[in-house]
Amino acid sequence: MKLKLSENIQAMRRARRMTQEQLAEAMGVSIGAVSKWENALSNPDVELIPEIAEFFGTSVDVLLGYGWERRGMGECAERIQSLAKARRDDEACAEAERGLRRYPGSFAVVYQSAKVMMNVGFARGDRRLLSRAKELLERALELIGQNDDVSVSELTIQCDIGQCWVFLGEYEKALEHLRRHNQKQINNRMIGYCLCKLGRIDEAMEASSHAFAEAIAQMLNTSVDVMNCLGQIGENEEALELVDWLIGFGRGLLVEGSGNFVGKLMSTLIGAKGVICADMGREADAARYLREAIREARRHDEAAAHGCAQTIRFYRGKAPTFYDDVGERAMDALRGLMKEQGSEALSRLFERIAEEEGERDETQP
């Protein structure tokens with residue numbers, strides 16, 4: 001393989017509009033040394049090459065001219081990933097081992113090899129593969145500077161290492177590792193799992209309950225986003241089906257007589273059905289759903305006003321806290337929905353029904 005070090009140093013220096021003298025001064029060498037580098041009469045000392053690469057804002061591979069090598073590494077990582085997605089597990093593992101022998105210093109190859117071995121090891125209960133995966137993930141951390149995949153970070157790799165400990169049945173080690181890398185409570189579910197396996201049920205319930213509440217909030221909010229997208233592309237019937245599913249799901253989490261986040265969301269979802277029906281020209285259905293939503297909101301707000309527990313079914317941790325931008329009352333959420341998504345005619349209909357139901361907007365004259 002022919003190096004292009006001399007050509008690259010010269011090209012990068014000229015791109016910076018620098019003289020040989022200026023580069024020599026920056027690198028702490030003589031002008032003669034830079035001249036020899038660029039004329040391929042000598043190469044920089046090994047320890048100086050990373051410094052030159054950093055100075056020009058590039059990698060050592062690029063500086064040396066290993067472009068084809070990097071393409072080869074990328075193609076190898078893609079083959080491993082492709083075989084894994086096709087569930088050709090034995091071929092994927094064999095390709096991973098070949099890639100690791102050829103490109104032991106490639107982050108992409110090491111990381112993809114680790115992932116396939118972790119997944120196959122878990123599926124088969126193969127401790128050898130799981131241990132190998134953990135070793136490779138630790139190696140990937142050392143090579144993280146090469147990573148250009150925004151979906152992968154040091155944290156995601158640390159989480160994978162923790163999962164390897166879990167799959168190996170090393171729950172104490174897994175617990176220690178997952179707690180050490182639990183930014184934004186990302187590992188609460190696995191922490192709860194480990195604590196349960198260790199028989200520490202009270203602690204497990206706290207961690208698992210927190211993960212449960214966060215998962216519910218994430219799922220509900222994301223589903224509402226999907227519903228809005230369906231409405232934007234005119235898939236109103238499907239949007240209504242999604243809302244019905246969400247309402248059924250949410251009702252299963254409600255504690256009778258409580259005024260919690262899920263209760264507030266229920267009234268908003270029913271109101272959303274009114275908005276969708278209005279868009280479809282189904283005025284009678286829209287009015288019916290708005291009335292139902294207002295009554296649901298009243299039940300929520302009355303429960304909240306009486307200080308009922310802000311909790312959800314099956315939750316056994318400290319009371320979860322949910323934040324939203326629609327105000328404390330469910331009626332505030334409904335009015336926000338009308339303002340954001342309803343037409344002027346629908347907003348007037350909403351206020352008329354609200355007044356009939358004794359829920360007049362006190363901010364209005």
Do [X] and [Y] belong together in a cluster built from hydrophobic side chains that touch within less than 4.5 Å?
| X | Y | result |
| --- | --- | --- |
| V226 | I216 | yes |
| M205 | Y171 | no |
| L240 | L242 | yes |
| M190 | I201 | no |
| L230 | I247 | yes |

Quick test of your reading of the model: are [X] and [Y] salt-bridged, counting only N-O distances below 4.0 Å?
| X | Y | value |
| --- | --- | --- |
| D244 | K273 | yes |
| E176 | K173 | no |
| R251 | E296 | yes |
| E351 | R348 | no |
| R200 | D202 | no |
| D285 | R288 | yes |
| R132 | D126 | no |
| E95 | R98 | yes |
| R102 | E75 | no |

Whether [X] side chain and [Y] backbone form a donor-acceptor pair below 3.5 Å:
| X | Y | answer |
| --- | --- | --- |
| D160 | K115 | no |
| T156 | V152 | no |
| R316 | S209 | no |
| D301 | M331 | yes |
| Q341 | N228 | no |

Please round to the nearest 0.5 Å and tell me the distance separating atom [atom1] of [X] and atom [atom2] of [Y].
| X | Y | atom1 | atom2 | value |
| --- | --- | --- | --- | --- |
| M266 | L269 | CE | CG | 5.0 Å |
| L246 | M227 | CG | CE | 8.0 Å |
| C164 | L129 | SG | CG | 10.5 Å |
| E340 | S347 | CD | OG | 11.5 Å |
| I186 | L155 | CD1 | CG | 5.0 Å |
| S267 | I294 | OG | CD1 | 10.0 Å |

Where do [X] and [Y] come nearest, in terms of heavy atoms and distance?
| X | Y | answer |
| --- | --- | --- |
| S113 | V116 | O-CG1, 3.2 Å |
| P50 | V60 | CA-CG2, 3.9 Å |
| R189 | A211 | N-CB, 3.7 Å |
| C196 | A204 | N-CB, 3.5 Å |
| N8 | L63 | ND2-O, 2.8 Å |
| E206 | G317 | OE1-CA, 3.3 Å |

Could you please spell out the steps behind the side chain to side chain contact (heavy atoms under 4.5 Å, CB included) verdict for F350 and V275? CA-CA 10 Å; F350 173 84; V275 174; over 6 Å; no
Residue pair Q185 / E214, side-chain donor-acceptor N/O under 3.5 Å: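 Their side chains do not contain a donor-acceptor pair, so the 3.5 Å distance test is not met.
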Within the 4.5 Å heavy-atom criterion, are [X] and [Y] side-chain neighbours or not?
| X | Y | value |
| --- | --- | --- |
| E237 | I276 | no |
| E203 | L175 | no |
| V34 | M27 | no |
| V29 | L48 | yes |
| S208 | L195 | no |
| L253 | F314 | yes |
| V224 | N221 | no |
| W245 | S223 | yes |

> Could you go step by step and tell me if E154 and N147 meet the side chain to side chain contact (heavy atoms under 4.5 Å, CB included) rule?
Replying inline: CA-CA 10 Å; E154 182 176 347; N147 178 44; over 6 Å; no
query: So among E135, M118, E138, which one has a side-chain contact (heavy atoms from CB on, under 4.5 Å) with I161?
result: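 Checked E135, M118, E138 against I161; only one passes side-chain contact (heavy atoms from CB on, under 4.5 Å): E138.
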So if I apply the side-chain contact (heavy atoms from CB on, under 4.5 Å) rule between Q158 and each of H177, Q183, R180, which one comes out positive?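 In the set H177, Q183, R180, the residue that makes a side-chain contact (heavy atoms from CB on, under 4.5 Å) with Q158 is H177.
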message = salt bridge (charged side-chain N to carboxylate O under 4.0 Å, His left out) for D89 and R87? Distances and angles first, verdict last.
response = CA-CA 5 Å; D89 294 342; R87 293 308 305 268; 3.3 Å; yes
Notebook entry, point to check: Under the side chain to side chain contact (heavy atoms under 4.5 Å, CB included) criterion, do F122 and Q163 qualify, and how do the steps go?
Noted result: CA-CA 10 Å; F122 169 66; Q163 285 206 4; over 6 Å; no
Tell me whether the count of non-hydrogen atoms from other residues, nucleotides or ligands lying under 6.0 Å of [atom1] in [X] goes above 12.
| X | atom1 | result |
| --- | --- | --- |
| Q22 | CD | yes |
| E97 | CD | yes |
| F55 | CZ | yes |

Q) Between Y111 and F107, what is the ring plane arrangement, given parallel below 30°, perpendicular above 60°, and tilted in between? A)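 Parallel, since the angle between the ring planes stays under 30°.
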Margin query: Please evaluate residues V166 and C194 with respect to the criterion side chain to side chain contact (heavy atoms under 4.5 Å, CB included), reporting the C-alpha separation (whole Å), side-chain torsions for both, the decisive distance (0.1 Å), and the verdict.
Written below: CA-CA 7 Å; V166 172; C194 292; 3.6 Å; yes
